[in-house]
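Contents: one structure, followed by commentary.
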Amino acid sequence: MKTLLAVCTFVFAVQASAQENPAEWVKKADNIRNPAESYEMKIRVETPENNSVFQVFLQGQDKTLIVTKEPARDKGRNMLMLDRDFHAYVPNLKRSMRLSLAQKLSGQVSNGDISRTRWYGDYDVTKEADNGKEVQLLLKGNKDNLTYAWIRLWLKKGSFEPLRAEYLGLNGKTVLKKAFFEDYKNMAGAVRPTTLKIEDTNKQVSYVRILDMGKKTFGESFFTVRNMESMK
């Protein structure tokens, strides 16, 4: 009887531990936002200054190629992320430049907002609150040169759908921007947020809208600076 009780206690403890694993919650949220280890998407970035359309190719957490499609004057201004190194090609200079993930792409949107899309593995995660409907998490970056050093993230309890986030400064307290994951639709085989609304401290708002998304495989030479410079 004691042995059975001990086994049951151990099983319940393991189940409780699995249920209370914030890092796994973030992994599930990532899986909702990303359809596969390797995929592509077409996005439109809408800012107070202008609108742009990009074709984005992603592999894992550390390879992203971004091809500018619109406006026509910006064609050829492609970008490449390899790990946390971010390269941008400037056609009129005919050379690539190194930028940071945190630098502004357009409006309130940073380079990393469309190139480094996963949280799991980049951040240490702790639970801050749980109101029965949402769980509030604090993500602390465990790598250098991330887009945001700290993120406060709210997930829907049970499904772990991302709802909103605060992007914080290096002190882990100052709110730099707020983000809202909106317009959940069936895309690439699952219901996902198709709009990322980003608001800065001056209440200026930009949107990243996913127009299309699908799984795709890439060759070994796809994610290279040479390929970035030649794609149209």
Side-chain angles (χ1 to χ4, degrees), residues 26-46 52-70 74-89 96 98-106 109-123 139 141 143 145-148 151 153 160-162 165 167 179 181-196 198 206-232:
V26 167
K27 186 176 183 179
K28 290 178 180 179
D30 274 345
N31 290 339
I32 291 170
R33 297 188 304 138
N34 302 289
E37 181 70 10
S38 179
Y39 67 101
E40 70 172 311
M41 58 182 177
K42 186 177 184 180
I43 65 170
R44 183 171 65 244
V45 176
E46 303 171 4
S52 301
V53 175
F54 302 94
Q55 199 74 22
V56 185
F57 307 90
L58 305 98
Q59 187 175 66
Q61 194 176 27
D62 57 1
K63 294 179 182 178
T64 304
L65 177 60
I66 303 164
V67 179
T68 303
K69 294 296 186 180
E70 298 177 17
D74 289 339
K75 279 194 172 184
R77 290 180 175 270
N78 301 330
M79 293 153 278
L80 175 69
M81 185 198 72
L82 296 173
D83 195 10
R84 281 155 287 143
D85 290 332
F86 193 85
H87 309 261
Y89 183 65
S96 301
R98 279 259 184 111
L99 303 176
S100 79
L101 293 170
Q103 281 181 265
K104 184 175 81 169
L105 173 69
S106 182
V109 181
S110 298
N111 293 327
D113 288 323
I114 64 172
S115 62
R116 198 169 181 91
T117 63
R118 291 174 170 87
W119 299 310
Y120 182 76
D122 279 353
Y123 295 88
L139 282 59
K143 295 178 172 66
N145 303 321
L146 294 173
T147 313
Y148 305 105
I151 301 173
L153 177 65
F160 304 107
E161 295 173 356
Y167 300 140
F181 301 90
E182 302 176 340
D183 298 333
Y184 273 78
K185 297 176 184 177
N186 198 311
M187 185 172 284
V191 176
R192 313 178 191 279
T194 60
T195 298
L196 174 63
I198 303 177
S206 295
Y207 297 89
V208 179
R209 302 189 191 277
I210 300 174
L211 307 178
D212 193 19
M213 174 185 277
K215 299 178 183 179
K216 189 176 179 69
T217 56
F218 305 99
E220 291 184 7
S221 62
F222 188 81
F223 295 95
T224 61
V225 172
R226 178 176 292 183
N227 195 36
M228 172 193 67
E229 294 175 350
S230 63
M231 290 203 57
K232 302 294 184 182

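Computed from a predicted model, the values in this text were never measured in an experiment.
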With side chain to side chain contact (heavy atoms under 4.5 Å, CB included) as the criterion, how do H87 and R98 come out once you've worked through the C-alpha distance, each side chain's angles and the decisive distance to 0.1 Å? CA-CA 5 Å; H87 309 261; R98 279 259 184 111; 3.1 Å; yes
So, for [X] and [Y], which heavy atoms are closest and what is the spacing to 0.1 Å?
{"X": "T147", "Y": "G112", "result": "OG1-CA, 3.2 Å"}
{"X": "V191", "Y": "I32", "result": "O-CG2, 3.8 Å"}
{"X": "S115", "Y": "T64", "result": "O-OG1, 2.6 Å"}
{"X": "V109", "Y": "I198", "result": "CG2-CD1, 4.2 Å"}
{"X": "A102", "Y": "S110", "result": "O-OG, 3.4 Å"}
{"X": "V56", "Y": "I114", "result": "CG1-O, 3.8 Å"}

Minimum side-chain heavy-atom gap K185-R192 below 4.5 Å: no
Any side-chain heavy atom of F86 sitting closer than 4.5 Å to one from Q103? no
Determine all donor-acceptor pairs shorter than 3.5 Å in which one atom belongs to a side chain in residues 225-232; sequence neighbours excluded.
from, atom 1, to, atom 2, distance (Å)
N227, ND2, F222, O, 2.7
E229, OE2, S96, OG, 2.8
S230, OG, R226, O, 3.4
S230, OG, N227, O, 3.1

Using the side chain to side chain contact (heavy atoms under 4.5 Å, CB included) rule, take M79 and L99 through it: C-alpha gap first, then chi angles, then the decisive distance, then the call. CA-CA 10 Å; M79 293 153 278; L99 303 176; 6.0 Å; no
Please round to the nearest 0.5 Å and tell me the distance separating atom [atom1] of [X] and atom [atom2] of [Y].
{"X": "N78", "Y": "Y89", "atom1": "CG", "atom2": "OH", "answer": "9.5 Å"}
{"X": "I151", "Y": "L146", "atom1": "CD1", "atom2": "CG", "answer": "8.0 Å"}
{"X": "L101", "Y": "M81", "atom1": "CG", "atom2": "CE", "answer": "6.5 Å"}
{"X": "D113", "Y": "K104", "atom1": "CG", "atom2": "NZ", "answer": "12.5 Å"}
{"X": "T117", "Y": "N34", "atom1": "OG1", "atom2": "CG", "answer": "3.5 Å"}
{"X": "R44", "Y": "K69", "atom1": "CZ", "atom2": "NZ", "answer": "16.0 Å"}

[X]: what forms a side-chain contact (heavy atoms from CB on, under 4.5 Å) with it, not counting sequence neighbours?
{"X": "Q61", "answer": "R116, R118, D122"}
{"X": "S106", "answer": "T47, E49, N50"}
{"X": "D74", "answer": "T68, P71, R77"}

Let me check something: any side-chain donor-acceptor pairs from residues 206-217 under 3.5 Å, sequence neighbours excluded? List them with distances.
from, atom 1, to, atom 2, distance (Å)
S206, OG, Q108, N, 3.0
S206, OG, Q108, OE1, 2.5
R209, NE, E46, OE1, 3.0
R209, NE, E46, OE2, 3.0
R209, NH1, T195, OG1, 3.3
R209, NH2, E46, OE1, 3.4

With [X], which residues qualify under ring pair (Phe, Tyr, Trp, His ring centres under 6.0 Å), at least two apart?
{"X": "F223", "answer": "F218"}
{"X": "Y167", "answer": "Y148"}
{"X": "F181", "answer": "W119"}

Counting N and O atoms only, with roles assigned by atom type, does the side chain of K143 sit under 3.5 Å from a partner on the main chain of G121, one being a donor and the other an acceptor? yes
Using the test side chain to side chain donor-acceptor pair (under 3.5 Å), find all partners of [X] that sit at least two apart in sequence or belong to another chain.
{"X": "S52", "result": "none"}
{"X": "Q55", "result": "E40"}
{"X": "D30", "result": "R33"}

Partners of D62 by salt bridge (charged side-chain N to carboxylate O under 4.0 Å, His left out), sequence neighbours excluded? none
